[in-house]
> 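My questions all concern the structure below.
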Protein chains: 2
Amino acid sequence: MSDPRSADEPRSPLAHRVPDLGALELLLAVARLGSLGRAAREVGITQPAASSRIRSMERMLGVALVERSPRGSRLTDAGALVTDWARRVVEAAEAFDAGTQALRGRRDSRLRVAASMTIAEYLLPGWLIALRGLLPGTAVSLLAGNSAAVADRLRAGEADLGFVEGLDVPAGLDGAVIGHDRLAVVVAPSHAWARRRAPLSPAELAATPLILRERGSGTRQVLDAALAGHGGLAAPLLELASTTAVKAAVVSGAGPSVLSELAVGEELAARRLVEIPVAVRLRRDLRAVWPLGQRPAGPARELLSLTRG
Amino acid sequence: MSDPRSADEPRSPLAHRVPDLGALELLLAVARLGSLGRAAREVGITQPAASSRIRSMERMLGVALVERSPRGSRLTDAGALVTDWARRVVEAAEAFDAGTQALRGRRDSRLRVAASMTIAEYLLPGWLIALRGLLPGTAVSLLAGNSAAVADRLRAGEADLGFVEGLDVPAGLDGAVIGHDRLAVVVAPSHAWARRRAPLSPAELAATPLILRERGSGTRQVLDAALAGHGGLAAPLLELASTTAVKAAVVSGAGPSVLSELAVGEELAARRLVEIPVAVRLRRDLRAVWPLGQRPAGPARELLSLTRG
DNA sequence: ATGAGGGCATAAGCTGGGTTTATGAGCGAT
DNA sequence: ATCGCTCATAAACCCAGCTTATGCCCTCAT
C-alpha cells in the first residue's frame, strides 16, 4: 500500500526560508561575542562576509536581528528570540554530526559502542556530545542493531560497551540499568480516544487492534508481556517495518499505537500525537552491557558514567 | 567580565560536516518515497540533481545512505539512522521557520499573539506548526515581551490571545491555566552538588548564592515566593541579563542556578547540566489570557485548544 | 523475445550566493 | 589629532549545485 498522507503537501522548500547552518552558527557567535568581526574570526571568515551574511539573513527573515554600532553589535529583541530558535537547530545539527561521525568510525577507534536502534537514535548522540566535552579527541565508532547483534559484538570482543533495551540481560554479558523507557499509547488528535477523560483499562487496550512494528521488536515484546494477564494482545491493525512508518500511520489517523516515549516526544510536544493514559505499567529497562567480568574502563567507563543520572 | 568558556574551542565549522537543510529534506523525501527521482520531483529539483546531492552527502559523511537499484532506492541501515537524526534537524528548522514567520507577521494578521519570552521561545513554535495543520494559511503575528507588555497589548486590542507564566492573572484580563512550568535547580556536572544523594532542603537552597536573572524576572519571583518561609533568598552570586547567559555561566561551572525546565531540557539530556532534587515545590502556572469577557473565537480559539493537553 | 517505462548515472555548461581583498567612514579613548 | 576598534560598500572571483541531454540497466507486459 502506498503512503497514506493527508494534508502536508503544498509546502515550499524549507531551505528557502531558513538560513543555512553556517549563518545560524554565525548568528550564535555574534550573540555570544557582541561583534560581527569577532564572530567572523571565530567561524573562520572575514568581517565583510559576516556582515553580508547577517544582512542577507535579515532580508530573508524580514526582521532586524542585530543592532550595529561603532562599538559593536547587540541582538535586537527579535534577534534574541531568533537566536534561541537557531540554537535549537544548531544543537540538532551537532547531534547529527556526533552520530554520523561515530557511524563512520573505524574498528580501531578508541571506543567501540554497540547499541540498539532506539538508544542509538535518541540517546547516543547526546551522550557522545557530552563525552566529547570530557574526553576531546576520542574516536568513537557505533554499530546499531538489535539486542542479539549487540550481544554478539560484545562477546566477540568487537565492541567495548553496549546498550540495549529489553526485559533481561543477554546471556554471557554483565550489565547495569541506566534508565527506563516508558511505552506510551498514542493516537492522532482527531481520534475518539483523544477526547476520553478516563484512563484506558488494560483490557480495553489489549482488545484494540493496534498499529505495531513487526513481530520481534522490543516494544512489542514488552507490550505482549504487560497485557498477557488481560486477555492478550489483539491481532494488529497494521504491521509496519519501521518506527517511523508506524508514527506516520498514527499521525495520519489510521489508528492507535504503542510507542516508546523517546520516539514520540517531538510529536507529543507539537500535538501531532496525543498520549492516552492507561492503567498499566508499560516500562522497560535501558541497560548498559559488557562482557562478563570485564568492567568497562577508560573511555567506556567515562561514557557509562555519563549515561546514569 | 568576558565570557568564561572552557574547552569547546577547537571545533571546525559544523556546516562543513553536516549537509545543508535542502539535502536533509531530500533525504527524508527519498526515505518516504523510495525513489531518488520522485524525491527530486517533490523537492522541486531534477533527478540528476538529487542523485548528485545524495552522493555528495554520502561522500561528506563517509557512509552509504541509499541502496540504489533499477527498481528504486531504499535506505541502508546506516541511512535509516542518519535519516532519523536528519529528521530532528529538519523539525528544529521547521520550528525556526514557524517562529520567524510569526515574528515578521504584520498587524493585520488573522491571529495576533502576545507571549512571554519563555513561552514564545520554547512552546509557541510547536503550537504554530500544529495550528498550520488545522488552519493552513492562517497568518499569525507574534509579539514577545514580559507579562506587563502582554497585558497591555491585549487591553489595547492589539492582540487576540496572550500567554504568560506567573503567579496570577494580570488585572483586566481573563485566563485559563494551560500547563505548568517546573523550576529546576541545576549545576554543572563537575559541581559538588552533582554527587549528592539526598535532596536539597529548602533552607539550604535559600542560603546558597545563586546565578540568577536580574530582579523582575518571572523565575525569580516564583523562587522568592517559594523560599520566603525558609529564610529568604540569599544575595545572588551573579545577576545576568538573559536566560542564555545564566545557562552559559552554570555550564561553565560558575555555580548553581534555578531555571525553567523548559530552558534546560536540552542541557539536561546532553548532561551539560545536572538537576538537583529539592524538597520544595517550584512550579508556576502557564496561562492563556484574553481581555475580560471576550472569550477567544476563530483562530484564537483553535490555538487555545491546541495548547491544552 | 522484445519493446516500453521507470530508475539511476554521467557529462557539459551555466548561474548565483558567498567569499576575499581593498577601501572608507563613524565613534571613543589616548 | 590620531590610533584603534567598529561596520559598510565595491569589485572580482570561485565553486557548489542546478539544468539539459543522454545512456545503461532492469522489470514487466505484450
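Residue numbers begin at 1 in each chain, while the letters A, B, ... track the order of the sequences.
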> Indicate yes or no for a side-chain donor-acceptor contact from E25(B) to the backbone of P13(A) under 3.5 Å, with no hydrogens or angles considered.
no

> Output the rounded distance in Å from CG (L36(B)) to C1' (dG17(D)).
16 Å

> Which is the 5'-most and which the 3'-most nucleotide of DNA chain C that has an atom under 4.0 Å from a heavy atom of chain B?
dG6(C) to dT10(C)

> To 10°, what angle do the rotation axes through the five end pairs on each side of the helix from dA1(C)-dT30(D) to dT30(C)-dA1(D) form?
20°

> Return the value, rounded to whole Å, for the distance between atom CG of L33(A) and atom P of dC5(D).
16 Å

> CG of L238(B) to CG of L210(B): how many Å apart, nearest 0.5 Å?
10.5 Å

> Between T244(B) and D84(A), is any side-chain donor less than 3.5 angstrom from a side-chain acceptor?
yes

> What's the separation between atom OH in Y122(A) and atom CE in M117(A), rounded to the nearest 0.5 Å?
9.5 Å

> In residues 45-59 of chain B, which ones come under 4.0 Å of DNA chain D, going by heavy atoms?
I45(B), T46(B), P48(B), A49(B), R53(B)

> Taking the basic N atoms (NZ, or NE/NH1/NH2) and the acidic carboxylate oxygens, is any pair closer than 4.0 Å for R272(B) and E91(A)?
yes

> What pair of heavy atoms forms the shortest contact from R104(A) to M60(B), and how long is it?
NH1-O, 4.0 Å

> Where each residue is assigned the nucleotide of DNA chain C containing its nearest heavy atom, which of G72(B) and D20(A) is assigned the position nearer the 5′ end?
G72(B)

> State whether a side-chain donor-acceptor pair under 3.5 Å links R132(B) with T138(B).
no

> Strictly below 4.0 Å, N to O, side chains only: are E239(A) and R220(A) in salt-bridge contact?
yes

> Would you name the heavy atoms of A40(B) and L26(B) that are closest together and state the gap between them?
N-CD1, 4.2 Å

> Could you tell me whether the side chain of P48(A) reaches within less than 4.5 Å of the side chain of T46(A), counting heavy atoms only?
yes

> List, with names and distances, any nitrogen or oxygen atoms from the protein found under 3.5 Å away from nitrogen or oxygen atoms belonging to nucleotides 28-30 of chain D.
none

> Could you list all the salt bridge (charged side-chain N to carboxylate O under 4.0 Å, His left out) pairs where at least one residue sits in residues 60-71 of chain A, not counting sequence neighbours?
E58(A)-R68(A)

> Under 3.5 Å, which donor-acceptor pairs do the side chains of residues 74-81 of chain B form with other protein atoms, sequence neighbours left out?
from	atom 1	to	atom 2	distance (Å)
T76(B)	OG1	A64(B)	O	2.8
T76(B)	OG1	L65(B)	O	3.2
T76(B)	OG1	G79(B)	N	2.9

> Between E267(B) and K247(B) (salt bridge meaning N to carboxylate O under 4.0 Å), is one present in this structure?
yes

